[in-house]
Chemist: 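Would you mind keeping the following structure in view while I ask a few things?
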Amino acid sequence: QVRLSESGGGLVQPGESITLSCVASGGTFNEHAMAWFRQAPEKGREFVAGVSWSGVTTYYGDSVKGRFTISRNNGDNTVSLQMSTLKPEDTAVYYCAAGKTGWPERHIDEYPFWGQGTQVTVSL
């Protein structure tokens with residue numbers, strides 16, 4: 001059983017940057033792909049970014065490509081999401097998720113382990 005805990009959310013202005021972190025405990029961290037999803041009010045949960053077990057392969061949602069960067073550190077069981085050039089439409093609760101396998105899939109069903117989420121609000 002993998003337990004995940006996110007941190008780093010907050011209120012930022014458009015154009016600013018913020019970094020989210022997620023620490024895992026339990027299970028074997030480097031057996032799992034890791035991903036970030038987000039959910040805005042009254043919308044479904046959206047894939048943001050995923051990283052393979054090794055950290056070599058990454059995928060991004062079209063809306064964040066070129067602005068967000070996902071990375072992981074298997075030494076301390078953490079995964080981060082660096083978010084830059086933030087827009088009001090990036091406002092959402094961001095969730096860290098651990099995958100069934102070491103390969104980062106985009107579908108929510110491939111991620112059985114979830115954190116509680118951290119709120120990111122982009123507003124003047």
Side-chain angles (χ1 to χ4, degrees):
Q1 187 79 7
V2 178
R3 294 176 295 278
L4 302 171
S5 180
E6 305 95 337
S7 62
L11 173 64
V12 296
Q13 295 189 1
E16 292 186 338
S17 300
I18 195 169
T19 298
L20 306 182
S21 296
C22 173
V23 60
S25 60
T28 303
F29 184 68
N30 62 10
E31 290 183 346
H32 301 272
M34 298 298 297
W36 289 92
F37 287 76
R38 68 185 181 186
Q39 188 164 14
E42 301 180 2
K43 292 191 176 180
R45 203 162 288 192
E46 174 191 16
F47 174 82
V48 174
V51 60
S52 63
W53 68 273
S54 65
V56 171
T57 301
T58 57
Y59 291 131
Y60 295 93
D62 289 342
S63 61
V64 307
K65 207 171 292 184
R67 299 189 297 122
F68 291 9
T69 302
I70 188 171
S71 60
R72 68 187 293 162
N73 184 328
N74 288 342
D76 61 14
N77 290 1
T78 59
V79 59
S80 298
L81 184 68
Q82 295 175 275
M83 307 161 62
S84 62
T85 320
L86 283 160
K87 305 175 182 180
E89 51 264 43
D90 294 318
T91 295
V93 177
Y94 283 74
Y95 296 91
C96 174
K100 293 177 182 176
T101 72
W103 193 255
E105 304 288 351
R106 295 175 184 267
H107 200 281
I108 193 171
D109 290 347
E110 298 299 322
Y111 294 87
F113 306 109
W114 292 83
Q116 297 281 59
T118 185
Q119 176 72 46
V120 173
T121 302
V122 184
S123 180
L124 291 171

Chemist: Compare all side-chain heavy atoms of C96 with those of W36 and state whether any distance is below 4.5 angstrom.
Modeler: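 Yes. Closest side-chain heavy atoms under 4.5 Å.
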
Chemist: Against the six-membered ring of F113, is R3 placed for a cation-pi contact (under 6.0 Å from the centre, within 45° of the normal)?
Modeler: no

Chemist: Can you tell me if S63 and R38 form a side-chain donor-acceptor pair at under 3.5 Å?
Modeler: yes

Chemist: Start with the C-alpha gap between L86 and F68, add the side-chain angles, then the distance that decides, and say whether side chain to side chain contact (heavy atoms under 4.5 Å, CB included) holds.
Modeler: CA-CA 9 Å; L86 283 160; F68 291 9; 3.9 Å; yes

Chemist: Mark yes when over 12 heavy atoms from residues, nucleotides or ligands other than K65 sit less than 6.0 Å from its NZ; otherwise mark no.
Modeler: yes

Chemist: Tell me every residue that passes side chain to side chain donor-acceptor pair (under 3.5 Å) with S17, counting only those two or more places apart in sequence or in another chain.
Modeler: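 S17 satisfies side chain to side chain donor-acceptor pair (under 3.5 Å) with no other residue.
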
Chemist: Among the clusters formed by ILVMFWY side chains lying less than 4.5 Å apart, do Y95 and V120 turn up in the same one?
Modeler: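 Per the 4.5 Å side-chain linkage, Y95 and V120 are not co-clustered.
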
Chemist: Can you say whether the rings of F37 and F47 are parallel (under 30°), tilted (30 to 60°) or perpendicular (over 60°)?
Modeler: perpendicular

Chemist: Heavy-atom distance under 4.5 Å between the side chains of V79 and V51, does that happen here?
Modeler: yes

Chemist: Please examine the side chains of T118 and V93, heavy atoms only from C-beta on, and report whether any two atoms are closer than 4.5 Å.
Modeler: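 When only atoms from C-beta onward are counted, T118 and V93 do not touch, as no gap falls below 4.5 Å.
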
Chemist: For F29 and W53: C-alpha separation, side-chain torsions, deciding distance, then whether ring pair (Phe, Tyr, Trp, His ring centres under 6.0 Å) applies.
Modeler: CA-CA 8 Å; F29 184 68; W53 68 273; over 10 Å; no

Chemist: Within the 3.5 Å criterion, strictly below it, is a donor on T91 or E89 matched to an acceptor on the partner's side chain?
Modeler: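 No donor-acceptor contact under 3.5 Å links the two side chains.
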
